[in-house]
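The chains referred to below are lettered A, B, ... by the order of the sequence lines, with proteins before strands, and numbering in each begins at 1. Bear in mind that the values here come from a model prediction, so they are computed numbers and not experimental data. Heavy-atom basis, side chains included; hydrogens, waters and symmetry copies ignored.
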Protein chains: 2
Amino acid sequence: MDKFEVKLDQAARAAWMSYVGGITQDEIASQLGVSRPGVQRLLALARQEGLIKVHIDHPIAACMTLASAIRERFGLDYCDVVPAEASAPEGAAYYLAVAGAERVARLVERSDPLTLSLGTGRSVRATVESLSRVERPQHRFVSLVGNVARDGSSNRYDGVMVLADKTGGQRFLLPSPVVASSVEEKASLQQQPLFLAITQVALEAEAAFIGVGRIDRQATLFQDHFISEDELDELLGRHAVGELLGWPMTADGEVIECSITRRVTSLPLEMFRAQPIVALAGGVAKGPAILAALRGGWLKGLVTDQLAARHIIEHA
Amino acid sequence: MDKFEVKLDQAARAAWMSYVGGITQDEIASQLGVSRPGVQRLLALARQEGLIKVHIDHPIAACMTLASAIRERFGLDYCDVVPAEASAPEGAAYYLAVAGAERVARLVERSDPLTLSLGTGRSVRATVESLSRVERPQHRFVSLVGNVARDGSSNRYDGVMVLADKTGGQRFLLPSPVVASSVEEKASLQQQPLFLAITQVALEAEAAFIGVGRIDRQATLFQDHFISEDELDELLGRHAVGELLGWPMTADGEVIECSITRRVTSLPLEMFRAQPIVALAGGVAKGPAILAALRGGWLKGLVTDQLAARHIIEHA
DNA sequence: TTTGCGTACGATCATTTGATCGATCAATGA
DNA sequence: TCATTGATCGATCAAATGATCGTACGCAAA
């Protein structure tokens, strides 16, 4: 038995006494016949050699492991993963909304004036609906996506009105459909003073909370008739797997150039490179779209659920 | 989801960040949006609720678990369990000797005068042979068992001479066989001034390190002809499972009263109730004998191996 | 035997964690 | 509505742990 093994043996003893036996380094020192700093060194060696395995016996632990892996893999500021187990009675969408609301609340609840952008989508809407009321008339909230449906009605997933109502803050809404009916219509809309003023506010935002959309027959863009079936096929033919703010992208996160994207009225994603964009999206079906956004480097934060997170890590 | 589950959720998060993520309570506090003492409370809750499972990934850990269980079950001052795996090239007896020597060294290496008693046996002998030399002429070492074999030769397992040679300390040997050939011979031996003087020294010992003997055909008492085959059968008939210092005992640790024990020349075990007796013994075959000694409350310490320790815990 | 280098170790200081105390808040009962 | 009780929480202090520095020791080479 060589010297290193003897030392490792002793380190394992000390580690057992400390972590399993729960005694102080002083007591371990007197029991092993070494000094207290000597014990601390043994414990450091045990940690360094990976002798100490810790397991948190709670569903959350698996989520946090995934979250940590995603955060590190894609260089995010943060990643929150919520449980998606059958034991969760209200469903993952509820937890996603609560977790998203927590993140939004951290910004909204402060007193300094804040400018915050929102995308649209079920998750974004659920998030702001989960938020508690707080009086913050000094804040400004701006929508990054047009809030008009193709038939002229308001966007059913808009969150800016809800958020502004809950806080008393100012609201800025893009009065346009997310995809114009023609390139000319888009050009006309983007020259209106209101559009330019809202663009300016959006550029001043401290953060943006957005949804992630799929490109398939269940896509909001398709379901809400912003794009036709032919256009859907076209996007699929160009390997589109998801969209952010109406901008379709490939699995690598590259925005697709085509006739459809030339008609998207949302502010170009490139304008927000310097802003933290946080995606709120979950479900295994959203996995490919979220992964695309991550690969493209568009996101600084992610709030998702375990199912999507697993997909992301398995395919990263 | 009730308040306790929310709290437990948060505790699990904090625990993950601390124990798996390895970050400080301050950092966790800022990430969870609570105060540092709040984090400390969450971690305490996680510990209290048993969410944190620690495993030491080293063979020693299993030994320490057994040792801790034996120590608590029998109220020992200490219990050292050494590995008994096939991966240990030198065998468990070597580790047992090294561990025993460590315990003896703690006493022997100090400068204050020490009086120490020794029993006999392979383990005791191996232990003192594992001990490093140290100059301690002020110490006294006394044998608790006669060091004469039935044929008049010295006891091959005596440790007092070895120990005294290694330290330069004084040696006190009982010049008698462990079992006299008659009650009269025992009486005669015990009245000799030398015997009385050695008894007095033994009573002043701070601790005693002894072996544990079996009562079967491999028993030292039988192999070395201290007892005959009939006497072995008699002891087995009286449910003897082991012996300490030649005193045979039942599985409950009660010293057996019979013609054989009336001839044992060792000092009566009852004389050492106030002294810490440490047993040095290992191997699965020694399990029952060690367990008997523990049940009888004769031991204050134990140095053993994993095989014996398992037996003890499984049958305790 | 001496010298030089690397490692181990205790003293000491800095940082982190654990625990207590008092104030505040929320819930309950009169 | 008010008073009481229990729980929560931050401020603060005590205890424990982590890390640095200087010294001593062990080992190898000259």
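No side-chain heavy atom of I210(A) sits less than 4.5 Å from a side-chain heavy atom of L280(A). Looking at V142(B) and L118(B), their side chains never come closer than 4.5 Å, going by heavy atoms from C-beta outward. At least one side-chain heavy atom of V104(B) sits under 4.5 Å from a side-chain heavy atom of F209(B).
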Return a table of donor-acceptor pairs under 3.5 angstrom between the side chains of residues 71-84 of chain A and protein atoms on other chains or two or more places apart.
from, atom 1, to, atom 2, distance (Å)
D80(A), OD1, R103(A), NH2, 3.0
D80(A), OD2, R103(A), NE, 2.7

Please list, one pair per line, the donor and acceptor atoms closer than 3.5 Å that link side chains of residues 28-47 of chain A to other protein atoms, with sequence neighbours excluded.
from, atom 1, to, atom 2, distance (Å)
S30(A), OG, E27(A), O, 3.0
S35(A), OG, G38(A), N, 3.1
R36(A), NH1, Q25(A), OE1, 3.1
R47(A), NH1, Y19(A), OH, 2.9

Side-chain donor-acceptor contacts of residues 160-169 of chain A below 3.5 Å, not counting sequence neighbours, with atom names and distances?
from, atom 1, to, atom 2, distance (Å)
D165(A), OD1, R171(A), NH1, 3.1
D165(A), OD1, R171(A), NH2, 3.3
K166(A), NZ, V128(A), O, 3.1
K166(A), NZ, E129(A), O, 2.7
K166(A), NZ, L131(A), O, 2.5
T167(A), OG1, L163(A), O, 3.0
T167(A), OG1, G169(A), N, 3.1

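Contact check on R110(B) versus E206(B) returns a salt bridge, with a Lys/Arg side-chain nitrogen under 4.0 Å from an Asp/Glu carboxylate oxygen.
For DNA chain D, the contact window with chain A, defined by any atom under 4.0 Å from a protein heavy atom, covers dA16(D) to dT20(D) in 5' to 3' order.
Here D305(A) contributes atom CG and H311(A) contributes atom NE2; the two are 12.0 Å apart, rounded to the nearest 0.5 Å.
Following rounding to the nearest Å, Q40(B) (CD) and dT15(C) (C1') show an atom-to-atom distance of 15 Å.
Contacts with DNA chain C (heavy atom under 4.0 Å) in residues 17-37 of chain A: S35(A), R36(A), listed by number. At a non-hydrogen distance threshold of 4.0 Å, R41(B), R47(B) from residues 41-54 of chain B come into contact with DNA chain C.
At least one donor-acceptor pair closer than 3.5 Å links the side chain of Q138(B) to the backbone N or O of S111(B).
Taking 4.0 angstrom as the limit, K7(A) places none of its side-chain polar atoms (N or O) nearer than this to OP1 or OP2 of dT7(C).
Among all heavy-atom pairs drawn from A279(B) and V212(B), the shortest one is CB-CG2, 3.7 Å.
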